[in-house]
Amino acid sequence: MRILRSFSICTALAAVLSLSSAAPAAAADPPSQPAEIDCNKCHAGLTVRIKVVHAAVQMGCPSCHTGIAEANKVPHKKTNTITRGLSAEQPDLCYGCHDKAKFSKKTVHAAVGMGCTGCHNPHASNNGKLLVAPAPDLCFNCHDKADFSRKNVHAPVAGGMCLSCHDPHSSDDPGLLTKALYSVCFDCHDGVSKQPHAIAGFSQKGHPIGLPKKARKGKKERLTDVKDPNREGKLFSCASCHNPHSSDNVKLFRYPAKRAMDLCSNCHKY
Ligand code: HEC
Ligand code: HEC
Ligand code: HEC
Ligand code: HEC
Ligand code: HEC
Ligand code: HEC
Ligand code: HEC
Ligand code: HEC
Ligand code: HEC
């Protein structure tokens, strides 16, 4: 529709322009035509000499700024009430080309609701994926760095690899994890379920953390919905005993403990 309409305006403009050579006064204030105006004449700073340019920009500024009219005049006239003359509010603007499903799983990052541009530059960036800053600094714009900087820092956190465990947009698993919590851990610690470990408890009946079926073959199915006794709203998991980010205690223990047995009394009363 829009293409057709601007095509006819184009034709009208061409008609006005051809008339204008005969009668210049008539063309003193011709209707503007954004598609014909080189936005880069004044806005090159947004994209020029920046490493990664959003493919959408190559598709033309009006692919997101249909509300900007008479771009040859400053300030520009706007044909809608959305900030910056955008075609739609965020995040709907972005869903015009990006599959909404990826951003709408069970747990949606609150940051997505605050607008995609909290993390992405819509035009261009020197960081991969158009990020306004690379992880983990990106994350520390909103999350307190102190939680990730205690005495003992978990190796992947120290390496800034937040995305090895978290999806930045949304997830079907709690905590924006890329998959079930124990599977995230087993990616790097596959030995834990094989060696004696507090999760097995005594006679393998101990701590229910939702191991996959094959790990409990021949055993009574473990509950996966046991609640963390100390943290409201959380299920019992590896993270009930370990802080996945950093800790002032050995072995990333969540609670003050100098050795393993100091840990137990935080949940078990004797
Ligand atoms: C003649 C120079 C010039 C041209 C050509 C131009 N702009 Fe602008 N534009 C400006 C100036 C100056 C501003 C105001 C900058 C500011 O407020 O920081 C502006 C502001 C904007 C804004 C922000 C509006 C707001 O509400 O803050 C948008 C969006 C924009 N231009 C889009 C475009 C698009 C799209 C085109 C091409 C169709 C274009 N401009 C062409 C000079 C230009
Ligand atoms: C993918 C969609 C998209 C495209 C394509 C796009 N913009 Fe934008 N533009 C935005 C969004 C979103 C904002 C608002 C950013 C914010 O508020 O954080 C914006 C803001 C602006 C602003 C205000 C200043 C600023 O940096 O925030 C200007 C000027 C602007 N755009 C010009 C342009 C021009 C010129 C083009 C084509 C070269 C263009 N835009 C293409 C989405 C887009
Ligand atoms: C007019 C279509 C269009 C719109 C609207 C659009 N995008 Fe894109 N975007 C693309 C295309 C095409 C690509 C390149 C192919 C791909 O990665 O899907 C892309 C790629 C990206 C990438 C990956 C860049 C990279 O280097 O891998 C990010 C991040 C992105 N878009 C964010 C956004 C955000 C945020 C918005 C809303 C402000 C938005 N897009 C709106 C078309 C669009
Ligand atoms: C909390 C910050 C944050 C917010 C908010 C955010 N993103 Fe992203 N996005 C990222 C990060 C980080 C990556 C890079 C992921 C990677 O490298 O694995 C990314 C990657 C992408 C990509 C590249 C393809 C992919 O999935 O890796 C697209 C497209 C994209 N984001 C679009 C969007 C859109 C659209 C929105 C708003 C609905 C949005 N993002 C909101 C942080 C964010
Ligand atoms: C623009 C601000 C912003 C940025 C940037 C941001 N976040 Fe968030 N994030 C939030 C808010 C707000 C919440 C919800 C309140 C809270 O838990 O602190 C949240 C919550 C979370 C949660 C908990 C989700 C849940 O449901 O339990 C995780 C995990 C998370 N963010 C990871 C990240 C990672 C990883 C990055 C960097 C890639 C990042 N965030 C960048 C604002 C942000
Ligand atoms: C080794 C995997 C892993 C890495 C790496 C990781 N996280 Fe997490 N994160 C988790 C797990 C697991 C949870 C859920 C913990 C729970 O159940 O309380 C979580 C929870 C969170 C939360 C929710 C609040 C909280 O502290 O429980 C935020 C915010 C968060 N992570 C941000 C980040 C940021 C930012 C980074 C990078 C600096 C990062 N994470 C790196 C595994 C990880
Ligand atoms: C991306 C790989 C990776 C992931 C995912 C990962 N870890 Fe680690 N973790 C490491 C590395 C590397 C070390 C340090 C070397 C070692 O001791 O094995 C470590 C060490 C540990 C330690 C011992 C710390 C110490 O001080 O001795 C604990 C406890 C731990 N991780 C728990 C977890 C938990 C719980 C998860 C899931 C939430 C998890 N890890 C996910 C890589 C990972
Ligand atoms: C009930 C509390 C508890 C739970 C739940 C728990 N751990 Fe541990 N974890 C411990 C204790 C206690 C130690 C120290 C064992 C030792 O020093 O012999 C430990 C040590 C570790 C270590 C370090 C091993 C080493 O040799 O230093 C890793 C890695 C680890 N746990 C990962 C995990 C993962 C992954 C999960 C979830 C599948 C998990 N833990 C669940 C209590 C727990
Ligand atoms: C973060 C809290 C927490 C910590 C720390 C903890 N446990 Fe547990 N423990 C639990 C929960 C929850 C259960 C499961 C109760 C249920 O099934 O309802 C459990 C179950 C057990 C069981 C099995 C009880 C039964 O009825 O079969 C044993 C044995 C056990 N824990 C021993 C330990 C030992 C030893 C430690 C210290 C190394 C420890 N626990 C640390 C929370 C904890």
Side-chain angles (χ1 to χ4, degrees), residues 105-107 109 128 134-140 143-270:
K105 293 179 189 151
K106 244 191 243 162
T107 310
H109 194 185
D137 290 341
L138 173 72
C139 316
F140 298 149
H143 294 288
D144 189 357
K145 198 172 173 174
D147 293 341
F148 306 88
S149 318
R150 297 185 192 97
K151 214 160 78 191
N152 295 310
V153 181
H154 194 197
V157 171
M161 296 159 60
C162 313
L163 302 175
S164 64
C165 300
H166 294 290
D167 188 301
H169 304 132
S170 74
S171 165
D172 285 332
D173 291 292
L176 285 177
L177 293 169
T178 53
K179 49 188 154 179
L181 196 149
Y182 67 85
S183 316
V184 164
C185 309
F186 287 163
D187 271 356
C188 301
H189 298 291
D190 62 343
V192 164
S193 59
K194 295 175 194 134
Q195 290 156 9
H197 185 274
I199 54 169
F202 303 114
S203 60
Q204 303 293 311
K205 271 197 263 166
H207 297 109
I209 53 152
L211 287 171
K213 280 218 165 60
K214 66 176 163 60
R216 353 176 181 112
K217 207 168 143 216
K219 303 216 164 72
K220 193 170 155 257
E221 199 163 293
R222 278 188 207 163
L223 294 175
T224 57
D225 59 351
V226 173
K227 295 191 172 58
D228 187 315
N230 294 348
R231 302 188 308 149
E232 219 185 303
K234 303 255 189 192
L235 293 181
F236 190 78
S237 71
C238 314
S240 297
C241 293
H242 298 289
N243 188 312
H245 304 137
S246 74
S247 162
D248 287 330
N249 310 302
V250 293
K251 308 286 179 197
L252 295 173
F253 289 148
R254 185 175 281 286
Y255 302 104
K258 290 204 179 73
R259 53 200 174 94
M261 290 316 280
D262 296 341
L263 197 63
C264 320
S265 61
N266 286 287
C267 299
H268 297 286
K269 306 291 165 232
Y270 302 105

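Counting starts at 1 for both ligands and their atoms, following the listed order. Excluded from the calculations below are hydrogen atoms, water molecules and symmetry mates; all remaining heavy atoms, backbone and side chain alike, are included.
Within the 4.0 angstrom cut-off, atom 8 (Fe) of ligand 7 has one or more protein heavy-atom neighbours. Remark: atom 21 (C) of ligand 7 lies closer than 4.0 Å to at least one protein heavy atom.
With sequence neighbours excluded, the residues that form a side chain to side chain donor-acceptor pair (under 3.5 Å) with K179 are D187. Judged as a side chain to side chain contact (heavy atoms under 4.5 Å, CB included), and not counting sequence neighbours, the contacts of S170 are K105, V108.
In terms of protein heavy-atom proximity, atom 28 (C) of ligand 7 is closest to L252 CD1, 3.7 Å. Given atom 42 (C) of ligand 7, the protein heavy atom at minimum distance is P156 CD, 3.6 Å. Closest to atom 43 (C) of ligand 7 among all protein heavy atoms lies C188 CB, 3.4 Å. Distance from atom 6 (C) of ligand 7 to its nearest protein heavy atom, with residue and atom name: H154 CE1, 3.5 Å.
Shown in contact with C264 at under 4.0 Å from a heavy atom are these atoms of ligand 9, numbered in order with element: 34 (C), 35 (C), 36 (C), 37 (C), 38 (C), 39 (C), 41 (C). Here is the list of ligand 9 atoms found below 4.0 Å of a heavy atom in S240: 1 (C). The C185 neighbourhood of ligand 8 comprises atoms 35 (C), with distances under 4.0 Å to a heavy atom of that residue. For ligand 8, the atoms sitting less than 4.0 Å from at least one non-hydrogen atom of F253 are 10 (C), 11 (C), 12 (C), 13 (C), 14 (C), numbered in the order shown with element in parentheses.
The closest side-chain donor-acceptor pair between D228 and S240 falls under 3.5 angstrom.
With a cut-off of 2.8 Å, atom 8 (Fe) of ligand 9 has an N, O or S atom of H268 in range.
The closest approach between S237 and ligand 8 falls below 4.0 Å for a heavy atom of the residue.
Considering only non-hydrogen atoms, atom 19 (C) of ligand 7 lies nearest to H189 out of M161, R254, K151, H189. By heavy-atom distance, the residue among C267, C238, A239 lying nearest atom 34 (C) of ligand 8 is C238. The closest heavy-atom contact to atom 5 (C) of ligand 7, among the options L177, N152, D187, V184, comes from V184. The residue from S183, S246, A155, C165 that puts a heavy atom closest to atom 14 (C) of ligand 7 is A155.
The shortest N or O to N or O distance between S164 and ligand 7 is not under 3.5 Å.
Shown here for P136 and C162, the closest heavy-atom pair between the two residues is CB-SG, 3.8 Å.
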